[in-house]
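A quick write-up on the structure given underneath.
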Amino acid sequence: MSQVIFAETPTKLLTQEFGRVVHRDPLWARILLIGTASLFVVLLVLVPVAFVFVEALSKGLSVFWQAINHPDAVAAFKLTALTSTIAVALNLLFGLAAAWAITKFSFRGKSFLVTLIDLPFSVSPVISGLVFVLLFGAQGWFGVWLQQHDIKIIFAWPSILLATIFVTFPFIARELMPVMEALGHEEEEAAVTLGASGWQIFWRVTLPNIRWALFYAVILCSARAIGEFGAVSVVSGHIRGETNTAPLHVELLYNEYATAAAFSIAAILALFALASLVLKAMAERWITTDLYSDFIFRSKT
């Protein structure tokens, strides 16, 4: 007769039968799998990241400092920060609303909505950028009307924002949906019976339960927005100091053979990526702890 025993940490579950572990992989298999995975991580992740920092500092700190403080680099960082902040904020509102609607209600077209949310995952960013050019470009569907009203979208900041929003909007909704489904409806239903309004339920019941999942989703969305290249490259126009984001500025410097400057900008982006990984790991642990605590509470009640 098998028995499931919870260990001290929520991520460790031991299935035992008659006091013995039911299954354990052989030592050689574990060493082979762990070694292979570690080798891939070292060769495909650690070595390239280390190379970025080595090249960025290859000509000294003075060159590195000059590269990241160049007016064009500062403008690229500012544009990247502004675009990613607005895109994440808008995707946060959409993701919360979409996850709430999909997990809490049943309605016609629910599957279609989920499919639309997943659409940016299946469409190349370059293709999405071309779609915006076909819509808002000079020869696009709305191009003539935009020119008549002196509104510029393509090769300007609005197109960069639109492209960034499109490629990042699935992240928050897709991260929240599984967590909200796992939490169930019991607490919201209890709040309704006690007379709570919709806003009270959201702020005092739902949001505290999904806070770490929301934090995790915002981290992923921010990292994707800051690092976006393909769609932004199509619609930006590559205007130095105006429509060049940080990733585009790296490409521009590299094509001009300013290798040290290009790797210096890339090192700043890599630092943000590493910080995002640390925050992501912390959020994953907090989410696991919250779900485990909620499971234990439900099992006892």
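Only this structure's heavy atoms are used, side chains among them; waters, hydrogens and symmetry mates stay out.
By the 4.5 Å heavy-atom criterion applied to side chains, Leu271 and Phe53 are counted as neighbours. No side-chain heavy atom of Val63 sits under 4.5 Å from any side-chain heavy atom of Ser264. Contact annotation: the side chain of Phe142 never approaches that of Ile153 to less than 4.5 Å [non-hydrogen atoms, C-beta and beyond]. You'll find the side chain of Ile31 reaches within 4.5 Å of the side chain of Leu27, heavy atoms only. Between Pro170 and Pro120 the shortest side-chain heavy-atom distance falls below 4.5 Å. Within the 4.5 Å cutoff, the side chain of Asn244 has no heavy atoms near those of the Ile239 side chain. Counting heavy atoms from C-beta outward, Phe77 and Ile265 have side chains that approach closer than 4.5 Å.
In terms of hydrophobic clustering, with Ile, Leu, Val, Met, Phe, Trp and Tyr side chains grouped at heavy-atom distances under 4.5 Å, Val232 and Val250 are assigned to different clusters.
A salt bridge (charged side-chain N to carboxylate O under 4.0 Å, His left out) check over residues 162-172, counting only residues at least two apart or in different chains, returns nothing. Evaluation of the side-chain hydrogen bond (donor to acceptor under 3.5 Å, both in side chains) test over residues 155-176, restricted to residues two or more places apart or in two chains, returns Thr83-Trp157, Asn91-Thr168, Asp118-Arg174. Pairs of residues two or more places apart, or lying in two chains, that qualify as salt bridge (charged side-chain N to carboxylate O under 4.0 Å, His left out) and include a residue from residues 64-87 are Asp72-Arg240. Evaluation of the side-chain hydrogen bond (donor to acceptor under 3.5 Å, both in side chains) test over residues 38-59, restricted to residues two or more places apart or in two chains, returns none. The stretch residues 93-108 participates, sequence neighbours left out, in these side-chain hydrogen bond (donor to acceptor under 3.5 Å, both in side chains) pairs: Lys104-Glu188.
In this view, Tyr257 satisfies the ring-ring contact (aromatic ring centres under 6.0 Å, His included) rule with no residue, not counting sequence neighbours. Residues passing the ring-ring contact (aromatic ring centres under 6.0 Å, His included) test with Phe94, sequence neighbours excluded: Phe169. By the side chain to side chain donor-acceptor pair (under 3.5 Å) test, Ser233 is found to be paired with His238, residues two or more places apart in sequence or in another chain being considered. The side chain to side chain donor-acceptor pair (under 3.5 Å) check on Gln148 picks up nothing, with sequence neighbours excluded. Every residue two or more places apart in sequence or in another chain was checked for a ring-ring contact (aromatic ring centres under 6.0 Å, His included) with Phe215, and none qualifies. Remark: Gln200 pairs with Ser197 by the side chain to side chain donor-acceptor pair (under 3.5 Å) rule, at least two apart or across chains. With sequence neighbours excluded, no residue forms a ring-ring contact (aromatic ring centres under 6.0 Å, His included) with Trp141.
Here the side chain of Thr80 pairs a donor or acceptor atom with the backbone of Ala246 at under 3.5 angstrom. A donor-acceptor pair under 3.5 Å links the side-chain atoms of Glu228 to the main chain of Gly230, judged by distance alone. In this structure a side-chain-to-backbone donor-acceptor pair under 3.5 Å is missing from Asp150 to Leu146.
The structure places CG of Leu162 at 9.5 Å from CG of Leu135, a figure rounded to the nearest 0.5 Å. To the nearest 0.5 Å, atoms CG (Leu176) and CG (Leu92) are separated by 8.5 Å. Between Phe229 atom CZ and Leu248 atom CG the span is 5.5 Å, to the nearest 0.5 Å. Distance check: Thr206 OG1 to Leu214 CG gives 12.0 Å after rounding to the nearest 0.5 Å. Going from atom CG of Leu269 over to atom CZ of Phe272 covers 9.0 Å, rounded to the nearest 0.5 Å. Taken to the nearest 0.5 Å, the CG atom of Leu207 stands 10.5 Å off from the CH2 atom of Trp199.
For the residue pair Ile219 and Ser276, the shortest heavy atom distance occurs at CG2-O, 3.6 Å. For Ala163 against Val235, the heavy-atom pair with the smallest separation is CB-CG2, 4.1 Å. The shortest non-hydrogen separation linking Ala267 to Ala56 is CB-CB, 3.9 Å. Residues Ala217 and Ile172 come closest through the heavy atom pair CB-CA, 3.7 Å. Closest of all the heavy-atom pairs between Val114 and Met177 is CG2-CE, 4.3 Å. Smallest separation of non-hydrogen atoms from Phe155 and Thr243: O-CG2, 3.9 Å.
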Check your understanding: How far apart are the C-alpha atoms of Phe51 and Phe263, what are their side-chain angles, what is the distance that settles it, and do they pass the ring pair (Phe, Tyr, Trp, His ring centres under 6.0 Å) test?
Key -> CA-CA 9 Å; Phe51 182 77; Phe263 279 102; 5.7 Å; yes
Review point. Leu113 and Phe107: side-chain contact (heavy atoms from CB on, under 4.5 Å), yes or no, with the steps?
Key: CA-CA 10 Å; Leu113 177 58; Phe107 54 90; 4.0 Å; yes
Check your understanding: Can Val45 and Phe40 be said to form a side-chain contact (heavy atoms from CB on, under 4.5 Å), step by step?
Key -> CA-CA 8 Å; Val45 179; Phe40 270 85; over 6 Å; no
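Around CD of Glu256, the count of heavy atoms belonging to other residues, nucleotides or ligands within 6.0 Å exceeds 12. By the 6.0 Å contact criterion, CG on Leu61 is open, its count of non-hydrogen atoms from other residues, nucleotides or ligands being 12 or less.
Ring centroid separation for the pair Phe171 and Phe121 comes in under the 6.0 Å cut-off.
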